[in-house]
Asker: 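So that we are looking at the same thing, I have put the structure below in structure tokens.
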2 protein chains.
Amino acid sequence: MQTTEIPVHTYKKPRQPTREAILDAAELLMSQRGFNGVSLREIARESDVNLGSVTYHFGTKEKLLAAIYDRHTKPMNQRRLELLSEAGRITDRKERLHAIVRAFVIPAFSSQSDVAGGGARFTRIRAILSMEGNEAARHIIAASFDETTNLFVDAIAGCVPNADRGSILWRCHFLLGALYYTLVNGDRIDRLSGGMVKGSDHDRATEELVRATAAALQELDLTKRKAGF
Amino acid sequence: MQTTEIPVHTYKKPRQPTREAILDAAELLMSQRGFNGVSLREIARESDVNLGSVTYHFGTKEKLLAAIYDRHTKPMNQRRLELLSEAGRITDRKERLHAIVRAFVIPAFSSQSDVAGGGARFTRIRAILSMEGNEAARHIIAASFDETTNLFVDAIAGCVPNADRGSILWRCHFLLGALYYTLVNGDRIDRLSGGMVKGSDHDRATEELVRATAAALQELDLTKRKAGF
DNA sequence: GTCTATAGCGTGATAGAC
DNA sequence: GTCTATCACGCTATAGAC
């Protein structure tokens with residue numbers, strides 16, 4: 001197969017644009033140690049960029065985080081909504097419920113997201129940030145996903161018409177918590193199972209998570225709703 | 001009602017022993033902002049103690065954390081095992097399953113733990129730490145609870161004999177993740193529900209968590225186990 | 001057992017030369 | 001757009017007076 005060749009004398013090392021290099025390094029590091037746990041110097045070192053350039057491109061550490069959110073939030077929500085829309089076409093309620101939950105989970109785990117190889121990496125950042133309680137981070141998080149989440153809750157409610165909406169909400173909340181915890185602390189599963197179960201197996205994790213959540217939601221529908229509740 | 005009075009001239013402000021004051025302050029602060037997010041200076045300031053005293057009593061920040069673990073791990077595990085033992089006496093499988101899961105959850109939420117008013121506060125610390133990925137913290141966490149957790153998994157397996165042990169493990173893992181997330185990010189429930197559901201309502205959280213987890217576990221028992229899996 | 005003082009280093013952010 | 005130099009501050013940890 002013939003490929004387009006770059007003449008040797010013209011070739012320049014295709015160094016990433018500085019801005020992108022910084023973003024990538026920051027994202028990787030923060031997905032491992034959160035916001036508080038990583039310094040700007042470390043990010044600069046890792047991306048092979050001068051510390052001053054970080055400030056030049058992003059201003060503050062907080063704004064750098066906001067930029068990371070920027071490049072992931074839209075694609076991930078879009079992917080979720082696509083999958084949700086597909087799931088909505090399933091008529092069987094039980095099947096549809098599974099598809100909806102799966103539509104919520106898959107983009108969070110998926111590593112084929114269009115940017116920088118990583119839904120999972122970005123979700124890890126969100127997971128850690130949600131626990132760090134950093135004020136700077138909190139308001140960036142707040143509005144990025146709540147809207148989409150509400151659409152999912154509505155779709156789920158349509159599958160379990162007898163269920164109390166508050167209880168559905170609790171289960172969606174649990175789903176997110178379980179998802180976050182699995183993504184960051186998968187190795188605990190390895191330890192507890194003596195190596196029999198791999199926490200890093202995202203496909204297995206997705207299936208277990210979907211199945212468990214769907215079961216918990218369906219149970220709500222089967223139980224008679226309590227009066228006025 | 002007559003009470004024992006302390007003569008005014010004898011009265012000395014019953015200032016807590018320095019060590020305890022430091023522990024309390026550290027625990028409160030870390031339960032809000034984790035390990036990385038809190039400085040020793042802040043702890044010293046908050047406990048009204050000199051910075052040097054912190055080092056005198058605990059040596060390093062890491063050892064201070066270990067001391068916090070020390071005073072909570074044993075009581076909490078003991079309480080869990082008591083409740084687990086009580087639950088074990090229930091003969092009906094479904095009822096027993098609920099009681100077992102509840103025995104796991106309640107001590108984590110309970111604020112009537114014998115020390116410093118707080119299972120919940122301590123569980124928050126564990127939650128945040130589990131995400132921070134701090135190497136210092138990680139090895140303190142590792143062995144404190146895994147043993148007890150395995151006993152719970154065994155007890156649960158006894159309630160759902162047809163379920164695959166790996167899947168049970170996943171659900172216990174999800175339970176812990178959901179628990180942690182709820183304890184730290186309860187306000188998200190408030191936001192998503194428009195204030196209709198209170199994330200800070202630990203009794204409600206406990207019940208929803210127990211019910212959801214039990215349902216997810218029972219579903220495992222109902223489904224035919226796949227061959228060789 | 002408690003305190004002050006300080007060492008030695010890393011932090012986020014800024015100013016200004018090139 | 002990139003770099004160096006530097007500010008002002010916070011950090012963990014230590015040494016030694018009281």
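We name chains A, B, ... by the order of the sequence lines, and we start the count at 1 in each one. Heavy-atom basis, side chains included; hydrogens, waters and symmetry copies ignored.
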Asker: What's the closest nucleotide to the A:Arg41 side chain, out of D:dG10, D:dC3, D:dT6?
Answerer: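 For the A:Arg41 side chain, the nearest candidate turns out to be D:dT6.
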Asker: Rounded to whole Å, please give me the gap between CZ in A:Phe58 and C1' in D:dT2.
Answerer: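 Taking atom C1' of D:dT2 as the reference, CZ of A:Phe58 is at 14 Å.
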Asker: Could you tell me the separation between the CD atom of A:Glu20 and the C1' atom of D:dG1, rounded to a whole number of Å?
Answerer: 15 Å
Asker: Is A:Glu132 salt-bridged to A:Arg138, going by a charged N under 4.0 Å from an acidic O?
Answerer: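 No, A:Glu132 and A:Arg138 are not salt-bridged.
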Asker: Both A:Arg45 and A:Thr55 contact DNA chain C. Taking the nearest nucleotide for each, which residue is further toward the 5' end?
Answerer: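 Its nucleotide being nearer the 5' end, the pick is A:Arg45.
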Asker: Side-chain N or O of A:Ser39 less than 4.0 angstrom from OP1 or OP2 on C:dG10?
Answerer: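 No, A:Ser39 has no side-chain N/O under 4.0 Å of OP1/OP2 on C:dG10.
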Asker: Rounded to whole angstroms, how far apart are NZ on A:Lys61 and C1' on C:dG10?
Answerer: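 In whole Å, C:dG10 C1' and A:Lys61 NZ are 12 Å from each other.
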Asker: Between C1' on D:dT4 and CG on A:Leu40, what's the gap in Å once rounded to a whole number?
Answerer: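 Atom-to-atom, A:Leu40 to D:dT4, this comes out as 17 Å.
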Asker: Quick one: sort the A:Phe145 and A:Phe122 rings into parallel, tilted or perpendicular, breaks at 30° and 60°.
Answerer: tilted
Asker: Are any of A:Thr60's side-chain N or O atoms less than 4.0 Å away from OP1 or OP2 of C:dG12?
Answerer: no
Asker: If you look at every strand shown and take non-hydrogen atoms under 4.0 Å, does B:Val54 touch a base, only sugar-phosphate, or nothing?
Answerer: nothing
Asker: Would one find a side-chain N or O of A:Ser53 under 4.0 angstrom from OP1 or OP2 of D:dG1?
Answerer: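 Checking D:dG1 against A:Ser53, no side-chain N or O comes under 4.0 Å of OP1 or OP2.
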Asker: Counting side-chain heavy atoms from CB outward, which of C:dT11, D:dT12, D:dT2 is closest to A:His57?
Answerer: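 Among the listed nucleotides, the one closest to the side chain of A:His57 is D:dT2.
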Asker: Counting only side-chain heavy atoms from C-beta out, which of C:dC3, D:dT4, D:dC11 sits nearest to A:Asn50?
Answerer: D:dT4
Asker: Can you tell which of C:dG12, C:dT2, D:dA13 lies closest to the side chain of B:Leu51?
Answerer: D:dA13
Asker: Does B:Thr18 have a side-chain nitrogen or oxygen under 4.0 Å from the phosphate oxygens OP1 or OP2 of C:dT2?
Answerer: yes
Asker: Checking the side chain of A:Asn77 only, and the main-chain atoms of A:Ser144 only, is there a donor and an acceptor separated by less than 3.5 Å?
Answerer: yes
Asker: Atom CG of A:Leu64 and atom P of C:dT11: how far apart are they, to the nearest Å?
Answerer: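 Between P of C:dT11 and CG of A:Leu64: 15 Å.
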Asker: CD of B:Glu62 versus P of D:dC11: gap in Å, rounded?
Answerer: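 Answer to the nearest Å: 18 Å.
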Asker: Taking 4.0 angstrom as the limit, do A:Glu82 and A:Arg79 come out as a salt bridge?
Answerer: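 Answer for the salt bridge query: yes.
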Asker: What's the NZ-C1' distance between B:Lys63 and D:dA13, to the nearest Å?
Answerer: 11 Å
Asker: Could you tell me whether B:Glu46 atom CD has more than 12 heavy atoms of other residues or ligands within 6.0 Å of it?
Answerer: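 No, CD of B:Glu46 has 12 or fewer neighbouring heavy atoms, counting only those of other groups under 6.0 Å.
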Asker: Over how many whole Å does the gap from B:Glu42 atom CD to D:dC9 atom P extend?
Answerer: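 So the two atoms are 17 Å apart, to the nearest Å.
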Asker: For DNA chain C, whose closest nucleotide is more 5', that of A:Phe35 or that of B:Tyr56?
Answerer: B:Tyr56
